[in-house]
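Worksheet: one structure, shown below.
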Amino acid sequence: MPRPVEYADIGCGFGGLLVKLGEKFPEKVGMFMGGGKWTCLINLVGKRIKALRNENKGRFHNIAVVRTNAMKCIANFFVKVTDVKELHDWQVEHLDAHPVIQAEVDDTLTRCWIQLFERLEEATEKADPCWDLMFNSSEEANKVERNEGSKFGAIYRRISLSEAVSRREKKE
């Protein structure tokens, strides 16, 4: 079975954050996700990764690029950052409130919606080794810095289905 993706760099940019995360965590698998009309950008990031692999033998085999609809693949995400406050607020609201999976919770095939993500507390977010990289390593973060803009981030952890079902049963 292939190793699971452990972090994702989602959205616009040139893969700078993905490359930095790939350097910092060579034992973990990362993915750059982009989609829609940005085919040329996806191809550029793919070429960048290929060039890094050729120039650095044995390195950068832990990162990849994929063209996909990030909203449809939300279950693969747990780290994100943006400089658009409205987008940040919308993403946080939906990850906090929107159920992600409909699951069978008992033998009678009763179905319920289960929340599979939880946001880390602010102190835990700031202590995470990815926090600084998210805010200082991507092309987007550097652009926001140059323009003296604000940056917004949130880190979520994915909850196992059994843990989510257990939490739901405790609430009922």
Side-chain angles (χ1 to χ4, degrees), residues 2-96 100 116-159:
R3 293 177 10 199
V5 173
E6 297 187 56
Y7 56 84
D9 178 2
I10 305 160
C12 54
F14 297 93
L17 175 60
L18 179 68
V19 170
K20 292 295 184 184
L21 289 168
E23 289 174 335
K24 184 160 183 76
F25 303 107
E27 72 289 350
K28 297 183 185 228
V29 176
M31 180 181 302
F32 176 89
M33 294 187 161
K37 59 188 175 189
W38 303 108
T39 305
C40 60
L41 186 59
I42 298 301
N43 293 338
L44 181 69
V45 174
K47 288 177 182 177
R48 181 179 185 186
I49 292 170
K50 194 174 196 176
L52 284 167
R53 289 175 180 167
N54 289 334
E55 294 168 7
N56 302 277
K57 296 296 180 209
R59 295 181 59 209
F60 298 104
H61 290 278
N62 62 326
I63 58 175
V65 62
V66 111
R67 182 175 177 231
T68 187
N69 182 329
M71 292 304 292
K72 289 184 179 178
C73 299
I74 195 73
N76 293 323
F77 309 160
F78 51 90
V79 177
K80 65 184 186 57
V81 66
T82 181
D83 64 321
V84 180
K85 180 151 178 40
E86 293 78 14
L87 176 59
H88 167 77
D89 292 344
W90 182 87
Q91 291 171 331
V92 167
E93 175 189 343
H94 285 79
L95 277 171
D96 284 346
V100 180
L116 289 180
F117 295 93
E118 72 178 355
R119 186 170 181 180
L120 301 182
E121 292 186 15
E122 187 175 339
T124 306
E125 284 180 330
K126 300 253 186 324
D128 189 288
C130 295
W131 190 259
D132 185 59
L133 290 175
M134 287 191 316
F135 279 87
N136 300 305
S137 296
S138 70
E139 290 85 357
E140 188 67 21
N142 293 334
K143 180 185 83 175
V144 172
E145 190 76 28
R146 282 192 306 273
N147 293 330
E148 299 179 1
S150 299
K151 301 176 195 175
F152 308 95
I155 299 179
Y156 286 78
R157 88 173 177 95
R158 186 168 183 179
I159 302 168

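Start at 1 with the first residue, then count along the sequence. Just so we're clear, the structure is a prediction, and the values are computed from it rather than from any experiment.
Across all non-hydrogen atoms, the minimal contact from Leu133 to Leu17 is O-CD1, 3.4 Å.
Note that the CG atom of Asn142 and the CG atom of Asn136 stand 7.5 Å from one another [nearest 0.5 Å]. Note that the CD1 atom of Ile155 and the CE atom of Met134 stand 4.0 Å from one another [nearest 0.5 Å]. Taking CG of Asn56 as the start and NE2 of His61 as the end, the distance is 9.5 Å to the nearest 0.5 Å. Here the CD-CD distance, from Glu125 to Glu122, works out to 7.0 Å after rounding to the nearest 0.5 Å. The structure places CD of Glu55 at 9.0 Å from CZ of Phe60, a figure rounded to the nearest 0.5 Å. Here Lys28 contributes atom NZ and Cys130 contributes atom SG; the two are 7.5 Å apart, rounded to the nearest 0.5 Å.
With contacts defined as side-chain heavy-atom distances shorter than 4.5 Å, the pair Pro26/Arg59 does not qualify. Counting heavy atoms from C-beta on, the side chains of Leu44 and Leu41 come closer than 4.5 Å. Residues Ile49 and Val45 have side chains in contact (heavy-atom distance under 4.5 Å, counting atoms from C-beta outward). Two residues are said to be in side-chain contact when any heavy atoms from C-beta on lie closer than 4.5 Å; Arg48 and Val19 meet this criterion.
Looking at Arg119, its side chain never comes within 3.5 Å of a backbone N or O of Ala154 through a donor-acceptor pair. Asn62 contributes a side-chain N or O that, together with a main-chain N or O of Phe25, makes up a donor-acceptor pair within less than 3.5 Å. Checking side-chain atoms of Arg157 against main-chain N and O of Glu118 turns up no donor-acceptor pair under 3.5 Å. The closest donor-acceptor contact from the side chain of Lys151 to the backbone of Phe135 lies under 3.5 Å.
Sparse packing is recorded around NZ of Lys47, with 12 or fewer heavy atoms of other residues, nucleotides or ligands lying under 6.0 Å away.
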